[in-house]
Student: 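Have a look at this one.
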Amino acid sequence: MPLTVTIRRESKGRRGKQVTTLAGLASLGDARLAELASELKRRCATGGTVDVSGTIVLQGDHRDTAEAEIVKRGWLARRAGG
């Protein structure tokens with residue numbers, strides 16, 4: 001069964017600034033998760049981090065680019081929120 005990644009745009013609790021979060025990747029492990037986050041940050045030309053819960057957080061609204069990268073890797077991408 002392929003990995004399902006939830007992609008959403010959030011701004012709550014971030015003083016109005018938008019971020020893109022990718023959840024459902026905790027099963028990859030720390031090293032692969034950090035590598036994926038680094039590649040996504042390079043591709044989107046933005047900053048970001050890996051949250052303690054295994055969520056990748058990218059600065060700005062990069063849902064389209066993140067979704068394309070997830071689908072390219074053969075995983076399922078599901079958008080959530082507005």
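Below, all heavy atoms of this structure are taken into account, side chains as well, without hydrogens, waters or symmetry copies.
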Student: Nearest 0.5 Å please: distance from the CZ atom of Arg63 over to the CG atom of Leu58.
Tutor: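 The CG atom of Leu58 is 12.5 Å from CZ of Arg63, to the nearest 0.5 Å.
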
Student: With rounding to the nearest 0.5 Å, note down the distance linking NZ in Lys17 to CD in Gln59.
Tutor: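 Taking NZ in Lys17 and CD in Gln59, the distance rounds to 10.0 Å.
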
Student: With side-chain contact (heavy atoms from CB on, under 4.5 Å) as the test, would you mind laying out the steps for Leu25 and Thr55 before giving the verdict?
Tutor: CA-CA 7 Å; Leu25 296 163; Thr55 301; over 6 Å; no

Student: Of the non-hydrogen atoms in Ala26 and Ser53, which two are nearest, and what is the gap between them?
Tutor: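 Ala26 and Ser53 have their closest heavy atoms at CB-O, 4.0 Å.
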
Student: Look at Glu69 together with Lys72 and state whether they make a salt bridge at an N to O cut-off of under 4.0 Å.
Tutor: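 Looking at Glu69 and Lys72, the cut-off is met.
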
Student: To the nearest 0.5 Å, what is the distance between CG (Leu36) and CZ (Arg43)?
Tutor: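 The distance works out to 12.0 Å.
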
Student: Ile70, Leu3: one ILVMFWY side-chain cluster at the under-4.5 Å cut-off?
Tutor: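 They do share one cluster, since a chain of ILVMFWY contacts under 4.5 Å joins Ile70 to Leu3.
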
Student: Which heavy-atom pair separates Glu67 from Ala77 by the least distance, and what is that distance?
Tutor: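 So the minimum-distance heavy-atom pair works out to CG-CB, 3.7 Å.
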
Student: Between Ser11 and Val19, is the side-chain contact (heavy atoms from CB on, under 4.5 Å) condition met? List the steps.
Tutor: CA-CA 6 Å; Ser11 61; Val19 297; over 6 Å; no

Student: For the backbone of His62 and the side chain of Thr20, can you confirm whether one donor and one acceptor N or O come within less than 3.5 Å of each other?
Tutor: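 Answer holds: yes.
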
Student: May I have the step-by-step check of side-chain contact (heavy atoms from CB on, under 4.5 Å) for Thr49 and Ile56, ending in yes or no?
Tutor: CA-CA 6 Å; Thr49 188; Ile56 296 176; over 6 Å; no

Student: So that I can tick it off, tell me whether Asp64 and Arg79 are bridged by a salt bridge, with the cut-off set at under 4.0 angstrom between side-chain N and carboxylate O.
Tutor: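 A salt bridge is present here (some side-chain N lies under 4.0 Å from a carboxylate O).
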
Student: For the side chain to side chain contact (heavy atoms under 4.5 Å, CB included) test, which of Leu40, Thr6, Leu33 pairs with Leu22?
Tutor: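 Considering Leu40, Thr6, Leu33, a side chain to side chain contact (heavy atoms under 4.5 Å, CB included) with Leu22 is found only for Leu40.
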
Student: Could you pull out the closest heavy-atom pair between Ala66 and Ile7, with the gap in Å?
Tutor: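 Closest heavy-atom pair between Ala66 and Ile7: C-CD1, 4.2 Å.
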
